[in-house]
Amino acid sequence: MSTHYTSLAIDDPTKLVFGHAPNPFTLRRGMVLGGGLVYPEINFTLPPMLIEAGTMNKVCTEYRQMITGVLKRAAELESPGVLVEFETLPPMTEHPDWGMQIVNILLDAMEEAHAKDGLASALRMTPNDNREMVRPPQMRSGIYWEGMLELFDRSAAAGAELLSIESVGGKELHDDALTMGDMQGSIFGLSVLGARDMKFLWTHIVEIAKRHGVHAAGDTACGFGNTAMVLAEQKMIPRVFAAVVRAVTAVRSLVAYECGAVGPGKDCGYENPILKAITGFPMSMEGKCASCAHFSPMGNLAAACCDTWSNESIQNVKLLGGMAPTMSMEQLIYDCRLMNVALGEGPKEVLKLRDWFVASDDSLDPQAYILRPDCCVQLAQAIISKDTPYTAARHVGLTAIDILRQAHADKSLKLSDRELPWLDTMTDTIQEMPDDENVLAQQVIATTEPGRFLPAEYGLTS
Amino acid sequence: MSTHYTSLAIDDPTKLVFGHAPNPFTLRRGMVLGGGLVYPEINFTLPPMLIEAGTMNKVCTEYRQMITGVLKRAAELESPGVLVEFETLPPMTEHPDWGMQIVNILLDAMEEAHAKDGLASALRMTPNDNREMVRPPQMRSGIYWEGMLELFDRSAAAGAELLSIESVGGKELHDDALTMGDMQGSIFGLSVLGARDMKFLWTHIVEIAKRHGVHAAGDTACGFGNTAMVLAEQKMIPRVFAAVVRAVTAVRSLVAYECGAVGPGKDCGYENPILKAITGFPMSMEGKCASCAHFSPMGNLAAACCDTWSNESIQNVKLLGGMAPTMSMEQLIYDCRLMNVALGEGPKEVLKLRDWFVASDDSLDPQAYILRPDCCVQLAQAIISKDTPYTAARHVGLTAIDILRQAHADKSLKLSDRELPWLDTMTDTIQEMPDDENVLAQQVIATTEPGRFLPAEYGLTS
Amino acid sequence: MANLNALTEFIKSGNRSKATKLTQEALDAGEVPQGILDAMVVGMDVVGERFKCNEIFVPEMLIAARAMKEAMAILEPALVKTGYKPIATAVIGTVQGDLHDIGKNLVSMMWKGASFNVVDLGVNVPAEKFVAAIKEHNATLVGLSALLTTTMPAMQTVMDAIRAEDFVGVKVLIGGAPITQNYADQIGADAFAADAASAVDAARKLLAN
Amino acid sequence: MANLNALTEFIKSGNRSKATKLTQEALDAGEVPQGILDAMVVGMDVVGERFKCNEIFVPEMLIAARAMKEAMAILEPALVKTGYKPIATAVIGTVQGDLHDIGKNLVSMMWKGASFNVVDLGVNVPAEKFVAAIKEHNATLVGLSALLTTTMPAMQTVMDAIRAEDFVGVKVLIGGAPITQNYADQIGADAFAADAASAVDAARKLLAN
Ligand code: B12
Ligand code: B12
Ligand code: SF4
Ligand code: SF4
Ligand SMILES: [Zn+2]
Ligand SMILES: [Zn+2]
Ligand SMILES: [Zn+2]
C-alpha cells in the first residue's frame, strides 16, 4: 500500500515556491490548498489551568471564546479562508469525549462564521501522541493508542477535514542523542525507530481518513528537529548539529506521504519544503508569526514554500489590544495578504518575494541555510536516491554537512569558530556507522539500558 | 522660531518609501534614521500591577527583565540596531524620580549590550501627557506640566536621544465629537485647540532637546486618530469618518515639525507618511506587529513609508515561547530584515515591496486607502496649500472625502452602504463651518458646558 | 395606542421634536405614564439591537438616546406621581489614575437607554468617591472602568471599600480593555462585560438576582 | 598539589581515563579526600561558567560531568569514611501529566555537577511520589518541572502535598518554559529559576538560608 518516491515532484528550485503545489486539493468550503493562495493556519491553546471533569466547562468556554474571536477577526479582515488547527492537550486524547466536546465547539463556530459572514474554513485535527505516557513507550496497543485512534475517527466523522499528529516514535532515544551531540543516536532514532513507527501509525491514520472521506495531512518530526532547534537557539547544542538533524528529520516525516498522506504537512515541520519537493503536496509552515510559541532563526525564510502560514500556538491570555489568539490571527492574515498579492502578479513576482524571504535569513544560521529552496531540492534528491530510510538518512545528513561546509567556504554562511569542528565530528560519525541498520539496531539494543525502549514495539527483535 | 511649510520635501509618490528620508540623521551609536535601513522600534509596558513607592522595586525588575530580554534577542538575530521607546505610565511622569529610575535601567542595559555584543541602540523618551489629570485640563502650568518637563529634561541629560510625546491638547472636546460623529467638533479639537497646544508644548520640547544636544522627534494625534480607528474597528463609528479624522490629524501633528522637531514621528501616528512627504524627516510606523496593542485595517500598508517599525506596546506576560516583549522584538526584526533586503537591492525593488504592502490593504478600508503614498502626497499638498491649521484642516478633510468618493466610484475601494451617506454629511458639515476660526471658537465656547475646557489654556479669550 | 407606536418610531429615528411632542400629547390624552415609558424603552431596545447587529453606529444610537432623554424630561413628573422608580440607580466611573473614558461613556449611555438612572462620576475617581456616591444615590449597580494594566489594581481598592460597607444588594460590574472574567472573579466583582452592548444585559441579569 | 591541579584540568576537558587514574593516584598518595573532591568541583564550576558564557555546549559539559561521575565512584568510599555527606540530596521530576524532560534533565545534570546527590523521578510524577522520595532520601531540595500550561496546576498539588507533611528545611525550586517568579510566589514555592545554569545558583542560595 505504500509508495516509495524515486523522483522529485519539483526538481527545479525556482518552482519550489509559496502558494503553489503540484498536487493541490480542495476542501469542503472551497479552499484550495496549494492552488495559488496562501491561507492562515491558526492554532491556540489554554492559559494556565487544569483539565479534568470538573473544569471541562471552563475549558469549553475558553475554546469557544478563542474560536469566536479569531473567526470574527478573520471575517472582518476578509481572509479568503482560515485553516484552524486543534492540537489537543494530553487529557483530551486520553478522554476522547472531552476532545470531541471541543471539536464540536470549533466546528459549530466555523459553520456559523460560514453561514453568517461567508467565511470559509476547515479543521485540522491533531490529537497529541500520548503513547509515551508509559515508559518505555507502548507504541502499538494499549489505552493511549486506542484513545488516539478513537479521537481521530470521531473527529473525522464530525467534520475535521485534515488529520495530523506530531508523533513521537523514536524520541525516547533521540532526546539523549541531542543533549549528547550524538549524530548516530539521532539517525537511529529518526530513521530506524521513527520511520518504523511512522509506517505503522500512518497506515492506520490513512485508513481512518479514507473511511470518512477526509485527508490524511501529515506529521512533523517536531520532537526531534524542533527540540534541536530550540536547544540550539538556547545555545545548548551547536547550530550545525540542529541543521543536520533537520535534514535527517525529512526522512522520517516522508513516511507519512509514503503511506498515503496528501498534505499539508504540519506547520512546525521545518523540513516540509524538502517534502514538498519530493511529494508535490501542499505544506504548512510557521516562522515569525510563531515566535509566540518559540523563537527561530528563520522567521521569513520559513515562508518561502508555504501553502498555509501558521502561528504554531498561543495561549488565551489578554494583551493590550485583545486576546492573544486574535492577535495571531491578524498577523497571519497580513502576512498571507502580502504573499497573495505577489501570487496575484505571477510567477516572476512570487519568485522575487520568495527570494527576499530567503535572503533575509539564509546567511545567518546553518539551519536556515540548508532550508533554502535550492538546498531543499538537493536534500530531497539525496533522500530519494536511497532505498531505505536509514540509508537515506545517512546520505542526507552527509549532504547537509557538505552544503554547510561549502557555504562556509564561500562565505555565504557565517559559522562561529566553536561550531566548525562539529562538521568533521558529524561526518566521521556518520561515515563510521554500520551500513546495515540491523547491525546498528543490535548494537544499540545491546548498549542501551533495558527499559529505555521496547524493540518489539518497532518490529525489531532483540 | 517656527517654520511654515509651503512646499513638499517629497512630491513624487514613488519617492515616498520605507527606509529613505530626504533628511536623515545619525544617532550616537551610528544608527542612521532614514538613511537606507529600517530599524525595529520596541516598546513594552507593565503587566497588571500597581505603581507606587512600595512597588517600585518590582516595577524596576520588570523593566530590567524586559530590556534585557529584547536586547539579547536583537543581538542574537544580529539586528543592525534597535530603537527602544519608553512610554511612561502616569505615575512615572508625576514622579520624575520614578521615571528616571527606569530610564537609567534602560540606558544601562543598552550600554551593556553595546559593549558586550556590539548592538547599537538608542532611547526614545515619551513621557505621557498627564495634563488632563485635572479636569478641565490645565495645559500650560501646574504640577503635571512641570513634572513632564522635568522628566524630558532629566532623561535627555541622562542619554535619551529622541524626545516624543502623545499630547492631548484638544482631546477634551474631541472625544465627544468622535462618538457623536461630529466633524466640526473634530476639526475644532484638532486644528484649533490641538494645534495651539502643540505650538506651546513643542516650543518647550525643542528647547530642551537643543539644550542637551538631542533630537525633538515628534508627536502623534493618537488620542484622536487612533481612538477613531479603534472605534471604527469596533464598528462604533463609520470607517470613513475615522479616515477623514486621520487626514485632519496630520495638520495637528505637523506643528511639532514646524516648531523644530526632526523625526522620527511617533509610531502610532498613522498620519506620519503625510508628514514625511511635507517635512522629509524619517518616520516611525506600526502595523501588523502592533496587533498586540490594537487591531488595525492596514497591517502591511502602514510599513510603506516607515523608517522605524514598531510594535506600539506589549505587556510583560509569558507566552509559550518566552516573554511577550521578546516575541515582539523577533517579529519586528524579521519584518525589518525583509524591508532591508529590498533596500539593499535598490529603488526599483523598494518600490515593488512598498507597492505590495499597499496593495495588500488599500482596497479594503478607507483609512488604508487615504494612506496610500499617492494619496498621502495629495493630502500633504492640500495641507501646505493653506496658511493656518484651521484652513488646512478643512481643506485636507474635504480632499480626503473627495479621494474616498472617487475611489468608491472607480471601485478601487469597497465601502458598505451604511458608510456612504456619511461622505455627504461630512462634506456638508465642513463646508458650512465658518471661515474664521475665531468665529467658530466663540460659537463653541458659547455652546459648550462650562468646565469642559479652558479657552485661556489655548490662548483663546472667551 | 397608535400614538405610542409612533412614539417608539420617533425614538428609534432620534426625532427629538416629534418624540417630545407626542409624549406630551399622550400624557394629555390620559395614557398611563408607565405605558408611555414602555413605548420609549421598546424603541431604545430596538436601537440597541440594531447597534449590536452592526446596523447602526454609535452616533445614530446617541441621537436616539437624546430623543429619549428629552421625552423623559416631559414624562418624568407624571411618572413620579404614579410612584415610579427607575429600574435601578447606577454609579459609574473610571478608577483612580486612569483617564480613559470613551468606553465608560458608551456604557453609561447604553444604561441610560435601558432606563437606568445613571450617575457618572467621570474619570480618575478615588474609591471613597464611589462609596459616597453609592450612599448618596442609593445605587444598586456600580460600573468600574479601567484601561491601563497599572490601574486595574485600583479596581480592587474600590471593591474593598465597597465590601467594607454593609451595602445590601449592591452589584459591581467591571470592564475596560485589559479586564477579563478571571480578573473579575479574582477581585470579587459580580460580573464583567466585554462591551457596552453586553453591559446592559449583564446589568439586567445582575439586578434580577 | 600539582596532581590536583591536573585533576581539575582533566575534569574540565572531560578526560575520563586520566581523571580516574589521577584520583586513584591522589588517594594512594594520601591526599585528603575532601581536597580531591574540591579539585573536581572547581573543574566542574569552571565548566559551568564556560557554559554560562556560551563558550561550550551541553554535550561538552556532559562529557565533563561523566568524567566527574567516574572519578567520584573511586573517591566516594574514602570520602564516606571521613564522614562526608553530599551538600544536599535533591529530588527532581516533571509533574503529573507532563512528559517534557529535557529541561529537567539538564537541571539534574547541573546539580550533579555541583555535587548534589540527585534523585531523578522522571516524568509524569504524581505528588505522592515526590513526597515519598523526599522521605526516603531525606531530601532537602525539590525540583519541579512543568512545560505545559495545563500541568502547571499540578505543581500546586505537589506543593500542597509537601506542605501537608512536616518536613523541616525542604526547599522547592520550580522551573520550565511557562513558569514565572510570579507563579512560584502564587503557589508558595521557594524559588524559580529560568534556566539550568541559574538553577545551581538558586539551589545553593536556598540551601544556604
Ligand atoms: C483612546 C486611547 C487613549 C486616549 C483616551 C481617550 C479617552 N478619553 O478615553 C488617550 C490618548 C488620552 C490615551 C492616553 C493614554 N493611554 Co491610552 N489608549 C487608547 C486606546 C487607543 C483606545 C481606548 C478606547 O477608547 N477604545 C474604545 C472604547 C470604546 O473601547 P474600550 O475602552 O475598551 O471600552 C469598551 C469595553 O472595554 C467596555 N468597557 C469599558 N469600560 C467599561 C466599564 C464597564 C462597567 C463595563 C461593563 C464595560 C466597559 O465597553 C466599552 C465599549 O464597548 C487604547 C488601545 C486599546 N487597544 O484599547 C490605548 C491604551 C489603553 N492606552 C495606553 C496608554 C499607555 C496610555 C497612556 C499612558 C499613553 C501615554 N504614555 O501617554 C495614556 C494614559 C492616560 C491615563 N492616565 O489614563 C495603553 C495601555 C498600556 C497599559 N500598560 O495598560 C493602551 C492599551 C495602548 C497601547 N497599546 O499601549 N489613551
Ligand atoms: C521539545 C518539546 C516537546 C517534546 C518533548 C521532548 C522531551 N523529552 O522533553 C515532545 C515532542 C514530546 C513534546 C510533546 C508535547 N508538547 Co511540547 N514542546 C517542546 C518544545 C519545542 C521545547 C521544550 C524543550 O525541551 N526545550 C528545551 C529545554 C532545555 O528548555 P526548557 O524545557 O524550557 O528547560 C529550561 C528551563 O525552562 C529550565 N527548567 C526546566 N525545568 C526545570 C525545573 C527546575 C526545577 C528548574 C529550576 C528549571 C527548569 O531549565 C531548562 C534548561 O535551561 C516546547 C516549546 C517551547 N518553547 O518550550 C514545546 C511545548 C512545551 N509543547 C507543547 C505541546 C502542546 C506539546 C504536546 C501536547 C504536543 C501535542 N499536541 O502532541 C505534547 C505533550 C506531551 C506531554 N504530555 O507532556 C506546547 C505547550 C502548550 C501548552 N498549552 O502549554 C509547547 C510550548 C509548544 C508550543 N509552542 O505549542 N514537546
Ligand atoms: S514544535 Fe511545536 S507544534 Fe511541534 S511538537 Fe513541538 S510543540 Fe508541538
Ligand atoms: S495609539 Fe497607542 S501609542 Fe498612541 S497614544 Fe494611543 S495608546 Fe499611546
Ligand atoms: Zn507542532
Ligand atoms: Zn502546531
Ligand atoms: Zn505609541
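By convention in this document, chain letters (A, B, ...) are assigned in the order of the sequence lines, proteins followed by strands, and residues within each chain are numbered from 1.
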Donor-acceptor under 3.5 Å (C/T149 side chain, B/L46 main chain):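 Confirmed, C/T149 side chain pairs with B/L46 backbone.
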First locate atom [atom1] of [X], then atom [atom2] of [Y], and finally report the distance between them rounded to the nearest 0.5 Å.
X: C/N124; Y: B/M133; atom1: CG; atom2: CE; answer: 5.0 Å
X: B/T179; Y: C/M61; atom1: OG1; atom2: CE; answer: 9.5 Å
X: B/L50; Y: C/M152; atom1: CG; atom2: CE; answer: 11.5 Å

Hey, can you pull the donor-acceptor pairs under 3.5 Å for the side chains in residues 172-182 of chain C, sequence neighbours left out?
{"from": "C/T180", "atom 1": "OG1", "to": "C/Y183", "atom 2": "N", "distance (Å)": "3.1"}
{"from": "C/Q181", "atom 1": "NE2", "to": "C/D185", "atom 2": "OD1", "distance (Å)": "2.9"}

Atom group of B/T227 that falls short of 4.5 Å from chain C, counting heavy atoms: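 Contact with chain C involves the side chain of B/T227 alone.
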Which portion of C/I102 sits near chain B, non-hydrogen atoms under 4.5 angstrom: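 Just the side chain, heavy atoms under 4.5 Å.
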Largest heavy-atom contact set with chain B, pairs under 4.5 Å, which of C/L99, C/L62, C/L148: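 Among the listed options, the one with the most contacts to chain B is C/L99.
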Residue, of B/Q234, B/R135, B/E132, B/M236, that accumulates the most heavy atom pairs under 4.5 Å with chain C: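 Sorted descending by pairs with chain C, the first entry is B/M236.
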Residues of residues 89-97 of chain B with any heavy atom under 4.5 Å of a heavy atom in chain C: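 B/L89, B/P90, listed by number.
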Check ion pair B/K235-C/D195 (N to O, under 4.0 angstrom):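 Answer for the salt bridge query: no.
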Which residues share a side-chain hydrogen bond (donor to acceptor under 3.5 Å, both in side chains) with C/K205, sequence neighbours left out: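 C/K205 satisfies side-chain hydrogen bond (donor to acceptor under 3.5 Å, both in side chains) with no residue once adjacent residues are dropped.
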Can you give the donor-acceptor pairs under 3.5 Å from side chains of residues 41-58 of chain C to other protein atoms, not counting sequence neighbours?
{"from": "C/D45", "atom 1": "OD1", "to": "C/R204", "atom 2": "NH2", "distance (Å)": "3.3"}
{"from": "C/K52", "atom 1": "NZ", "to": "C/D201", "atom 2": "OD2", "distance (Å)": "2.9"}

Student check: side-chain heavy atoms of C/P59 and B/M180 closer than 4.5 Å: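 They are not in side-chain contact.
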